[in-house]
There are 2 protein chains.
Amino acid sequence: MAGESERTEKMITALRKAGIRVTRQRIALLGVLADADDHPDAAELHNRAKRVEPTVSLATVYRTLSALEEEGVVHRHSFEGGGARFETTHEEHHDHILDVETGQVIEFQSDKIEQLQDEIARELGYEVVHHRLELYCRKKR
Amino acid sequence: MAGESERTEKMITALRKAGIRVTRQRIALLGVLADADDHPDAAELHNRAKRVEPTVSLATVYRTLSALEEEGVVHRHSFEGGGARFETTHEEHHDHILDVETGQVIEFQSDKIEQLQDEIARELGYEVVHHRLELYCRKKR
DNA sequence: AATGCATATGAGAACTATTCACAACTGTAA
DNA sequence: TTACAGTTGTGAATAGTTCTCATATGCATT
């Protein structure tokens with residue numbers, strides 16, 4: 001229990017509260033997740049975690065990510081092309097712009113769009129459980 | 001060349017113009033696509049097409065769908081859970097509501113949301129190439 | 001510190017959706 | 001009718017993810 005970041009501590013607490021055991025492998029993955037400010041996929045998280053704790057297997061990465069997702073600590077995104085990518089849940093909800101040339105991911109947030117979505121659903125007799133909004137973009141020159 | 005629907009004829013013309021051969025298997029698939037008003041996946045399209053032309057293979061279904069997609073005749077969607085689902089391109093662009101309980105797909109269209117998307121992208125120095133907007137909803141009671 | 005046991009682990013098999021390779025077949029233009 | 005490039009079905013290959021199972025380990029209880 002040495003120098004875990006505050007963010008990591010928070011995740012550990014979340015796990016313990018959910019009755020999920022805090023193992024070496026999970027601590028490694030949590031640290032890596034807390035440090036990531038991109039949106040890495042499972043293989044990339046596995047690589048990063050192995051540097052901290054060489055015994056983590058890819059299966060454990062997937063298992064832990066699924067558990068964290070269920071606890072609401074992590075979000076899973078399935079952007080076009082390639083596999084799922086992950087990010088730690090942070091305060092405000094947001095959607096994503098994907099640079100189709102570089103693959104870069106940019107976050108944005110629009111209350112107006114969210115409102116319009118709710119309105120549209122309501123008019124059709126539905127309520128929005130969750131949504132997915134991705135803008136595949138090219139840099140303007 | 002007997003009773004193909006108008007819609008199917010249109011697709012056949014599109015194929016011929018693109019130099020893509022019009023085979024028995026493709027005619028079967030085109031007919032099935034023209035008739036579908038749901039959003040079937042490749043396996044389902046394969047099943048339906050086999051009733052018309054038993055020799056169609058799943059590989060040909062995928063190959064033809066990709067060709068049609070390239071010609072802009074068909075759209076491919078990757079909704080949450082399960083594989084890609086397809087629909088024939090019709091006049092106006094639209095997005096989708098997915099009933100999380102029944103799996104039903106409902107189409108909707110909002111100029112306002114489209115506009116806001118463009119605005120957001122523009123402010124960040126991007127232009128939208130294409131987007132994906134899906135509302136996962138539950139029926140209100 | 002030692003114990004007990006439910007949970008987690010790594011390795012590799014299994015699964016799902018999709019694409020590929022290849023030899024045989026077939027539209028289509030001449 | 002011919003000729004050949006495009007298309008076919010089959011089965012193997014791929015990619016991403018989940019599962020199985022025997023072993024290992026966190027942690028609540030002593």
Side-chain angles (χ1 to χ4, degrees), chain A residues 1 4 8 11-30 32 39-47 49-71 73-86 103, chain B residues 1 4 11-30 32 39-47 49-71 74-86 103:
Chain A
M1 310 282 147
E4 262 91 42
T8 311
M11 292 174 117
I12 291 179
T13 310
L15 286 196
R16 262 197 238 278
K17 196 155 48 186
I20 294 172
R21 287 188 186 165
V22 179
T23 63
R24 265 174 297 124
Q25 290 85 343
R26 283 176 175 164
I27 291 174
L29 180 58
L30 294 179
V32 159
H39 294 67
D41 64 10
E44 177 59 25
L45 288 168
H46 183 212
N47 284 331
K50 273 193 293 193
R51 278 178 230 136
V52 180
E53 171 53 63
T55 72
V56 229
S57 70
L58 184 54
T60 287
V61 170
Y62 274 112
R63 279 187 290 235
T64 305
L65 285 170
S66 294
L68 293 172
E69 194 189 6
E70 233 154 275
E71 293 314 312
V73 177
V74 153
H75 278 149
R76 176 193 304 248
H77 302 292
S78 298
F79 302 133
E80 282 180 6
R85 300 171 66 169
F86 302 85
Chain B
M1 313 295 138
E4 260 90 43
M11 292 174 117
I12 292 179
T13 310
L15 286 195
R16 263 198 238 279
K17 195 153 53 187
I20 294 172
R21 286 188 187 164
V22 179
T23 63
R24 267 175 296 125
Q25 291 84 347
R26 284 178 174 160
I27 291 175
L29 180 58
L30 294 178
V32 159
H39 293 67
D41 63 9
E44 176 59 26
L45 288 168
H46 182 213
N47 283 333
K50 272 193 295 193
R51 278 178 229 138
V52 180
E53 170 53 64
T55 72
V56 227
S57 70
L58 184 54
T60 287
V61 170
Y62 274 112
R63 278 186 292 233
T64 303
L65 286 170
S66 294
L68 293 172
E69 192 189 8
E70 234 154 274
E71 293 314 312
V74 153
H75 278 150
R76 176 192 305 248
H77 302 292
S78 298
F79 302 132
E80 282 180 6
R85 299 171 65 169
F86 302 84

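These values consider heavy atoms only, across backbone and side chains, with no hydrogens, waters or symmetry-generated copies. Chain naming here is simple, since letters A, B, ... match the order of the sequence lines and numbering starts at 1 in each.
With hydrogens and angles ignored, no donor-acceptor pair closer than 3.5 Å exists between the side chain of R63(A) and the base of dA8(C). Scanning atom types as modelled, one donor and one acceptor separated by under 3.5 angstrom connect the side chain of R21(A) and the base of dA6(C).
Listed for the R26(A) side chain is a donor-acceptor partner under 3.5 Å among the backbone atoms of R21(A). In this structure, the side chain of T60(A) does not engage the main chain of V56(A) through any donor-acceptor pair within 3.5 Å.
Counting heavy-atom neighbours within 6.0 Å of E70(A) CD, excluding the residue itself, gives a total of 12 or less.
Atom P of nucleotide dT18(C) and atom NE2 of H46(B) are separated by 14 Å, given to the nearest angstrom. One can place CD1 of I20(B) at 18 Å from C1' of dA29(C), the figure rounded to the nearest angstrom. Distance CG (N47(A)) to P (dG16(D)): 13 Å, rounded to an integer number of Å. Rounded to whole Å, the distance from CD on Q25(A) to C1' on dG26(D) is 11 Å. Separating the CD atom of E44(A) from the C1' atom of dG16(D) is a distance of 16 Å, rounded to the nearest angstrom. Look at NE2 on H77(B): it is 18 Å from P on dA17(C), rounded to the nearest Å. Atom CG of L65(B) is separated from atom C1' of dC20(C) by 17 Å (rounded to the nearest Å). In this entry the distance linking CG of L15(B) with P of dG6(D) reads 15 Å, nearest Å.
Neither OP1 nor OP2 of dT7(D) sits under 4.0 Å from any side-chain N or O of T60(B). Residue T64(A) places no side-chain N or O under 4.0 Å from the OP1 or OP2 atom of dA8(C). Listed pair R16(A) / dC27(D) meets the phosphate criterion, a side-chain N or O lying under 4.0 Å from OP1 or OP2. Between Y62(A) and dT17(D) there is a side-chain polar atom (N or O) within less than 4.0 angstrom of OP1 or OP2.
Toward the 5' end of DNA chain D, the nearer of the two residues F86(A) and L58(B), judged by each one's closest nucleotide, is L58(B). Residue D41(B) is the one, among V22(B) and D41(B), whose nearest nucleotide of DNA chain C lies closer to the 5' end (criterion: closest heavy atom).
Of the candidates L68(A), V74(A), V73(A), E71(A) forms a side-chain contact (heavy atoms from CB on, under 4.5 Å) with just one, namely V73(A).
If you check every strand for non-hydrogen atoms under 4.0 Å, A84(B) touches sugar and phosphate atoms only.
If you check dT9(C), dC19(D), dT25(D) against the side chain of R24(A), the one that comes closest is dT25(D).
The side chain to side chain contact (heavy atoms under 4.5 Å, CB included) search around T13(A) returns none, not counting sequence neighbours.
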